[in-house]
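Notes follow once the structure below has been shown.
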2 protein chains.
Amino acid sequence: MFSRTVEYALRAIVQLAYMAPQGATTGQISVATKVPEPYLRKVLQALRRAELVTSQRGASGGVRLNRDAEELTILDVVNAVDPIERIDRCPLDLKSHGVRLCPLHARMDRALQGIEQAFRETTLAEILAEPTLSTPLCETPDEHVSCTRDVTSP
Amino acid sequence: MFSRTVEYALRAIVQLAYMAPQGATTGQISVATKVPEPYLRKVLQALRRAELVTSQRGASGGVRLNRDAEELTILDVVNAVDPIERIDRCPLDLKSHGVRLCPLHARMDRALQGIEQAFRETTLAEILAEPTLSTPLCETPDEHVSCTRDVTSP
DNA sequence: TCCAAAGTGGACATTGACATCCTATTTCCC
DNA sequence: GGGAAATAGGATGTCAATGTCCACTTTGGA
């Protein structure tokens, strides 16, 4: 349902927010999110073009969030890499269905609208703050398993 | 977001329900739904294997619905050709996220759940009965444009 | 009985998403 | 200035979804 690219982009952004604001290298994000590094690079490029992240070349470079976690929604990320395509006109090109969709496509679009809305209402900050046993994308801290935070610490 | 196959399957089923219960040939459905006939055949085979439709070979054969429109939901059709894959375990295979998903994937799964529920609650009968200007998949009758019903009439 | 209509199923082509690799280019630090 | 670290971006490979085609089977009717 969601493309691999969307899944990867969300993982990367969440991971980045989690270790914000210092940023991280592509390699570090790749390890933490289990996304193949070459692919992750392309995903991050798309996020950079959408200006959700900034990047710094060269030694001690890396990627970092370009916005506060409160201002970044899931929808922003999804739209940056693989926009949700709402059904805004009849896929059959029936002339009489100009603006009004037929009942079938109206229902389908309503489902898409639901996703869009849910994603628009969810900020990164909410995801990070969610009270749960599972830290986003990481092993639970109480097990003292290596998580991405550790990568940057000596 | 929705695969082509899902779109085609839904068109076919709605069209079939609309001209039920006599049924129709693949060619007729193809014309009415603007789905390429060779592809439509494969989609209909999947629907037949899922026992949503029955088919009759030979002259004066064709395809027809195997259930009442009241008993057939959008979800049935979607699941027959391209099932919605809920996220029921951590995509990163983190052991500590066994049953509980991390906040990110929990949100994503909730979005999928929303679609699933919307589709489960929508029957074909509701789509056909919906009070709207646009007949499902067809030009509006008030324009007297050819629709699928006409195909079977002399 | 034979033909035409219609679905069945497998083989084949095309396309786009997914994934990887290699060569720049930039930057820091010695 | 030179080398190591890191991103940028184009070229290429792989595979599943999409789309097409053909030979076969079934069936009703002339």
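Chain letters run A, B, ... following the sequence lines, proteins first, then strands; residues in each count from 1.
Distances shown here put every side-chain N or O of Thr26(B) at or beyond 4.0 Å from the OP1 or OP2 atom of dA6(C). In terms of phosphate contacts, Arg41(B) brings no side-chain nitrogen or oxygen within less than 4.0 Å of OP1 or OP2 of dA6(C). Dashed line: the shortest gap from a side-chain N or O of Ser60(A) to OP1 or OP2 of dC29(C) is not under 4.0 Å.
Other residues, nucleotides and ligands place no more than 12 heavy atoms under 6.0 Å from the CD atom of Glu51(B).
Per the geometry, OH belonging to Tyr39(B) stands 15 Å off C1' belonging to dC12(C), to the nearest Å. In this structure, the CZ atom of Arg4(A) is 14 Å from the C1' atom of dG16(C), given to the nearest Å. Here the P atom of nucleotide dG9(C) and the CG atom of Leu47(B) are 14 Å apart, to the nearest Å. Atom CZ in Arg48(A) sits about 12 Å away from atom P in dT7(D), given to the nearest Å. Going from atom CE of Met1(A) over to atom P of dA17(D) covers 15 Å, rounded to whole Å. Leu40(B) has its CG atom 14 Å from the P atom of dT18(D), to the nearest Å. dA17(C) atom P lies 18 Å from atom CD of Glu7(A), rounded to whole Å. In this structure, Asn66(A) places its CG atom 16 Å from P of dT7(D), rounding to the nearest Å.
Base contact: Pro38(B) has a heavy atom under 4.0 Å from a base atom. Residue-level contact check: Gly27(B) touches neither bases nor backbone, having no heavy atom under 4.0 Å from any strand. Glu37(A) comes within contact range of no nucleotide atom at all, as no heavy-atom separation falls under 4.0 Å.
In summary, the side chains of Arg49(B) and Gln45(B) do present a donor paired with an acceptor at a separation below 3.5 Å, with no hydrogens or angles considered. Looking at Asp82(A) and Thr5(A), their side chains never bring a donor and an acceptor atom within 3.5 Å of each other.
Relative to the side chain of Gln45(B), the nucleotides dT7(D), dG19(D), dG9(C) differ in distance, and dG9(C) lies closest. Out of dC28(C), dG19(D), dC21(D), the shortest distance to the side chain of Tyr8(B) is found at dG19(D). Of the candidates dT7(D), dT18(D), dG9(D), the closest approach to any side-chain atom of Arg49(A) belongs to dG9(D). In the set dT8(C), dG7(C), dA11(C), dA11(C) carries the atom at the smallest distance from any side-chain atom of Lys42(B). Side-chain atoms of Arg57(B) lie closest to dT8(C) of the nucleotides dT7(D), dT18(D), dT8(C).
Side-chain contact between Val81(B) and Leu10(B): absent, with no pair of heavy atoms (C-beta onward) separated by less than 4.5 Å.
Mapping Ser55(B) and Gly58(A) onto DNA chain C by nearest heavy atom places Ser55(B) at the nucleotide closer to the 5' end.
Here the closest heavy-atom approach between residue Glu71(A) and residue Asp76(A) is recorded as O-OD2, 3.8 Å.
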